[in-house]
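Beneath this line is the structure, given in structure tokens, with notes to follow.
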Amino acid sequence: MTVLVTGGAGYIGSHTCLELIAQGYDIVVTDNFCNSLPEAVNRLKTLSGTDFPFYRADVRDADAMDGIFKNHEIECVIHFAGLKAVGESVRLPLMYYGNNIASTVQLCEAMKRARVKKFIFSSSATVYNGDNDMPYTETSRVGDCANPYGRTKYMCEQILRDVSAAEKDWSVVLLRYFNPIGAHESGQIGEEPDGIPNNLMPYIAQTAVGRREYLPVFGADYETPDGTGVRDYIHVADLARGHVAAIRYCKQYTGCDEFNLGTGRGTSVLELVSAFEQATGVKIPYRIEARRPGDLPLYYAATDKAAKVLDWRAEKTIAQACADSWRWQSRNPNGYKA
Ligand code: NAD
Ligand code: UD1
């Protein structure tokens, strides 16, 4: 089976490409490099020993997408391409709606023209309403998102549900990622945020490598065991396997279904710092600062549905994720830049 991966040069897309190749899938990859570099694609080809077709194209470019569907017998699309920085989405909402919503709609249009009917979408735990009970299950309330980025994911979910209601033979899977961390065990590919990292693990890793002076800990007065925020950190390699499980599901299912991809366990900011120090032997200086606006104290995934229906579970530990993040960061202190 040939799978089109949009945004395949990015963090989660690149790891998923490797897993797809390892599981025997043919891949075709597209990315416009608005948040990634061609070096990621070079490394994917070297690591996998495969010269898969790559197209530098914007998913919103209908001619480019039609060309890809014409050149390859694509059966399934995994749509990673999108913008994901929460703060930026507050400053530049039109850019977020313009990219995330339009790319999803245009991609569905191109798939319809090419009669491709399997669609796997990168959604996020951010679609859940913050006042749900823990853990978030797939039936927890969604919507009322805290920022434009979250709203684009919520709206894309609604759009895809409507598309699948109209196109009865489509199979749409919405994967709600919790907090992806870690890197490929080779240390050759990993997360490369542009500028100052927003997310915790890249901030820790850049502090460890000396690019940041200290880690700001956003709040230590939450109602959590140590007062710092608690999240469900999932190794990106586990997440990548989740996409392969979703493809298997698409083969025998039509409609639109959603799954949490998380571990089911919460880890606090200070627990992650301590796990990183233990796994790497590197001390992380940190300072307690004010809470970050819009942050929730605690959330984590219910994982039963993915386990039961997709036969998928996260397997890697936080310690492995820390060691892998560090291998990537220490061998590539400036990411993919020379
Ligand atoms: P990323 O920025 O590393 O990867 C996204 C890739 O898409 C980039 O390489 C970028 O250049 C490309 N891209 C963006 N818009 C495009 C367009 N219009 N046409 C072609 N390429 C385009 O992000 P990631 O962390 O790998 O996330 C992948 C997906 O998963 C995103 O949709 C993101 O919103 C979602 N997600 C990520 C997280 C996370 O914490 N990383 C959590 C939940 C959901
Ligand atoms: C953030 C986004 C969310 C997105 C997710 C994954 C916000 C409000 N939410 O979620 O929409 O889906 O990333 O990309 O930005 N922390 C620090 N210091 C730091 C960075 C983070 O203490 O320098 C803390 C945070 O307060 C939080 C935890 O670490 O408690 C995790 O933060 P982060 O990695 O940004 O993920 P989320 O807040 O879950």
Side-chain angles (χ1 to χ4, degrees), residues 5-16 29-38 40-41 55-61 64-65 78-90 95-96 98-100 102-104 106-107 121-128 130 145-150 152-153 156 175-181 190-194 196-204 206-207 212 214-220 222 224 228-234 236 239 261-262 266-270 272-273 286-300:
V5 182
T6 77
Y11 173 45
I12 305 170
S14 57
H15 289 83
T16 304
V29 179
T30 180
D31 203 299
N32 66 1
F33 296 130
C34 70
N35 194 39
S36 53
L37 291 167
V41 179
Y55 293 84
R56 181 175 193 153
D58 194 298
V59 177
R60 293 166 291 180
D61 180 339
M65 289 301 120
I78 311 183
H79 183 35
F80 292 104
L83 303 174
K84 61 164 185 177
V86 171
E88 186 181 60
S89 80
V90 175
M95 190 165 97
Y96 274 68
N99 191 344
N100 293 4
S103 70
T104 303
Q106 294 279 356
L107 187 55
F121 179 65
S122 292
S123 191
S124 167
T126 195
V127 300
Y128 289 115
C145 303
N147 50 65
Y149 164 69
T152 67
K153 292 292 166 190
C156 283
L175 297 179
R176 295 175 177 159
Y177 313 151
F178 280 67
N179 290 57
I181 60 169
E191 187 171 14
E192 167 61 355
D194 197 22
I196 300 172
N198 298 305
N199 297 122
L200 180 59
M201 181 55 109
Y203 210 111
I204 292 176
Q206 290 194 8
T207 306
R212 312 276 154 211
Y214 64 90
L215 169 77
V217 174
F218 299 140
Y222 286 110
T224 58
T228 65
V230 169
R231 297 290 182 273
D232 185 339
Y233 297 98
I234 172 166
V236 67
L239 210 52
L261 294 186
T267 302
S268 76
V269 175
L270 292 182
L272 193 64
V273 168
Y286 69 83
R287 290 185 200 161
I288 307 291
E289 297 194 351
R291 292 180 178 191
R292 181 172 64 179
D295 265 356
L296 292 168
L298 168 148
Y299 63 81
Y300 56 95

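For ligands, and for the atoms within them, numbers begin at 1 and follow the listed sequence.
- Contact residues for ligand 2 (protein heavy atom closer than 4.0 angstrom to any ligand atom): Val86, Ser124, Thr126, Tyr149, Asn179, Asn198, Asn199, Leu200, Tyr203, Leu215, Pro216, Val217, Phe218, Gly229, Arg231, Tyr233, Val269, Arg292, Asp295, Tyr299.
- Residues lining ligand 1 at a heavy-atom distance below 4.0 Å are given as Gly7, Ala9, Gly10, Tyr11, Ile12, Asp31, Asn32, Phe33, Cys34, Asn35, Ser36, Ala57, Asp58, Val59, Arg60, Phe80, Ala81, Gly82, Lys84, Asn99, Ser122, Ser123, Ser124, Tyr149, Lys153, Tyr177, Pro180, ordered by chain and residue number.
- Heavy atoms only, all atoms of each residue included: Thr228 and Ser268 are closest at OG1-CB, 3.3 Å.
- Heavy atoms only, all atoms of each residue included: Met65 and Val59 are closest at CG-O, 3.4 Å.
- Note that the OG1 atom of Thr152 and the CG atom of Leu83 stand 8.5 Å from one another [nearest 0.5 Å].
- Here the closest heavy-atom approach between residue Ile12 and residue Val236 is recorded as CA-CG2, 4.1 Å.
- To the nearest 0.5 angstrom, Glu88 atom CD is 3.5 Å from Tyr96 atom OH.
- The distance from atom CZ of Arg56 to atom CG of Asn32, rounded to the nearest 0.5 Å, is 8.0 Å.
- The OH atom of Tyr222 sits 4.5 Å away from the CG atom of Asp295 when rounded to the nearest 0.5 Å.
- Taking OH of Tyr203 as the start and CG of Asn198 as the end, the distance is 10.5 Å to the nearest 0.5 Å.
- The OG atom of Ser122 sits 8.0 Å away from the CG atom of Leu239 when rounded to the nearest 0.5 Å.
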